[in-house]
Peer 1: 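Quick one: the structure is below, questions incoming.
In this text the structure is predicted, and so the values were computed from the model without any measurement.
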Amino acid sequence: MQDLLDQQRRITLRVEGLLNADIGERLLALLLDLGQRYGLPIPHGYRLAADLTQEDIAHLVGLNRSTTSLLINRYRRDGILGGHGRRLEIYQVPARALLEQAGMAMLV
């Protein structure tokens, strides 16, 4: 029973964190989660499937596609994301550092 309560507490903290996060942090947390659960491991993080579009990502995080594209490009310039074309890579160390710096450690 204690394990279930601990799991529920962690989930509640994650939901509260996502509700209070700015849009960039929400996007980054989602991408990191997708990478951990479904991505292909690469030396410094994860590669998402090429068939996952920016439109799909936008729907998952609750943004429009153009805002999602702007944020992804910003994170690519900052070295947090990488990849070419539709192949999106999430670099684990800088992504986690940014989320922790923003007070979103419960999301990583």
Side-chain angles (χ1 to χ4, degrees):
M1 186 61 115
Q2 187 62 42
D3 288 338
L4 288 173
L5 289 172
D6 289 342
Q7 185 178 16
Q8 181 183 9
R9 188 174 302 118
R10 284 192 306 272
I11 290 169
T12 302
L13 284 173
R14 288 186 71 161
V15 169
E16 287 175 0
L18 284 171
L19 290 173
N20 294 321
D22 92 340
I23 57 174
E25 294 158 1
R26 276 197 338 245
L27 173 65
L28 193 56
L30 171 84
L31 292 173
L32 190 57
D33 184 56
L34 288 174
Q36 291 170 338
R37 295 195 310 166
Y38 306 111
L40 174 69
I42 59 172
H44 300 291
Y46 309 98
R47 179 178 295 135
L48 296 177
D51 61 348
L52 181 68
T53 67
Q54 287 185 0
E55 186 74 29
D56 296 332
I57 294 168
H59 285 296
L60 288 170
V61 79
L63 298 173
N64 62 46
R65 198 213 51 82
S66 61
T67 301
T68 301
S69 178
L70 289 171
L71 290 168
I72 286 172
N73 288 331
R74 183 179 81 191
Y75 287 137
R76 278 183 167 162
R77 282 190 304 273
D78 293 345
I80 297 166
L81 300 177
H84 302 286
R86 295 181 98 182
R87 295 202 180 264
L88 188 60
E89 296 177 353
I90 300 101
Y91 302 132
Q92 199 169 4
V93 171
R96 287 180 185 276
L98 185 74
L99 290 171
E100 288 175 4
Q101 178 184 348
M104 306 305 293
M106 79 287 283
L107 299 177
V108 293

Peer 1: Looking at every heavy atom in both G79 and P94, which two are closest together, and how far apart are they?
Peer 2: O-CG, 3.7 Å
Peer 1: Please say yes or no: joined through hydrophobic side-chain contacts below 4.5 Å, possibly via intermediate residues, are L34 and I23 part of one cluster?
Peer 2: yes
Peer 1: Sequence neighbours excluded, which residues qualify as side chain to side chain donor-acceptor pair (under 3.5 Å) partners of R47?
Peer 2: E89
Peer 1: When rounded to the nearest 0.5 angstrom, what is the spacing between CZ in R26 and CG in L60?
Peer 2: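 Here the interatomic distance stands at 12.0 Å.
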Peer 1: Would you indicate whether the side-chain heavy atoms of H44 and V93 approach each other to under 4.5 Å?
Peer 2: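 Sidechains of H44 and V93: no contact.
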Peer 1: Under a 4.5 Å cut-off applied to non-hydrogen side-chain atoms, are R96 and L99 in contact?
Peer 2: no
Peer 1: What pairs with R77 under side chain to side chain donor-acceptor pair (under 3.5 Å), at least two apart in sequence or on another chain?
Peer 2: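 By the side chain to side chain donor-acceptor pair (under 3.5 Å) rule, R77 matches no residue at all.
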Peer 1: Got L27 and L31 here, is their nearest side-chain heavy-atom distance under 4.5 Å?
Peer 2: yes
Peer 1: Report the residues that fulfil side chain to side chain contact (heavy atoms under 4.5 Å, CB included) with Q101, sequence neighbours left out, ordered by chain and then residue number.
Peer 2: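 Result, side chain to side chain contact (heavy atoms under 4.5 Å, CB included) vs Q101: L98.
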Peer 1: CD/E25 to CG/L32 distance, rounded to the nearest 0.5 angstrom?
Peer 2: 13.0 Å
Peer 1: Answer yes if Y91 and L48 sit in the same cluster of Ile, Leu, Val, Met, Phe, Trp and Tyr residues linked by side chain heavy atoms under 4.5 Å apart, and no otherwise.
Peer 2: no
Peer 1: Heavy atoms only: give me the nearest S69-Q54 pair and the separation to one decimal.
Peer 2: CB-OE1, 3.0 Å
Peer 1: Give a yes or no on whether the backbone of A29 and the side-chain of D33 come within a donor-acceptor separation of less than 3.5 Å.
Peer 2: no
Peer 1: Linking I/L/V/M/F/W/Y whenever their side-chain heavy atoms sit closer than 4.5 Å, directly or via other members, would L30 and L81 fall into one cluster?
Peer 2: yes
Peer 1: Under a 3.5 Å distance rule, please check whether Y75 uses its side chain to pair with a backbone N or O of A95 as donor and acceptor.
Peer 2: no
Peer 1: Identify, with sequence neighbours excluded, every residue that meets side chain to side chain donor-acceptor pair (under 3.5 Å) alongside R87.
Peer 2: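 Not a single residue meets the side chain to side chain donor-acceptor pair (under 3.5 Å) criterion with R87.
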Peer 1: Applying side chain to side chain donor-acceptor pair (under 3.5 Å), name anything that partners N64, two or more places apart in sequence or on another chain.
Peer 2: S66, T67
Peer 1: Do Y38 and L52 land in one hydrophobic cluster if side-chain heavy atoms of ILVMFWY residues count as linked below 4.5 Å?
Peer 2: yes
Peer 1: Count I, L, V, M, F, W, Y as connected when their side-chain heavy atoms are under 4.5 Å apart, and connections chain through other members. Are L28 and L70 then in the same cluster?
Peer 2: no
Peer 1: Can you tell me which residue pairs pass the salt bridge (Lys or Arg N to Asp or Glu O under 4.0 Å) test with a partner in residues 48-58, sequence neighbours excluded?
Peer 2: none
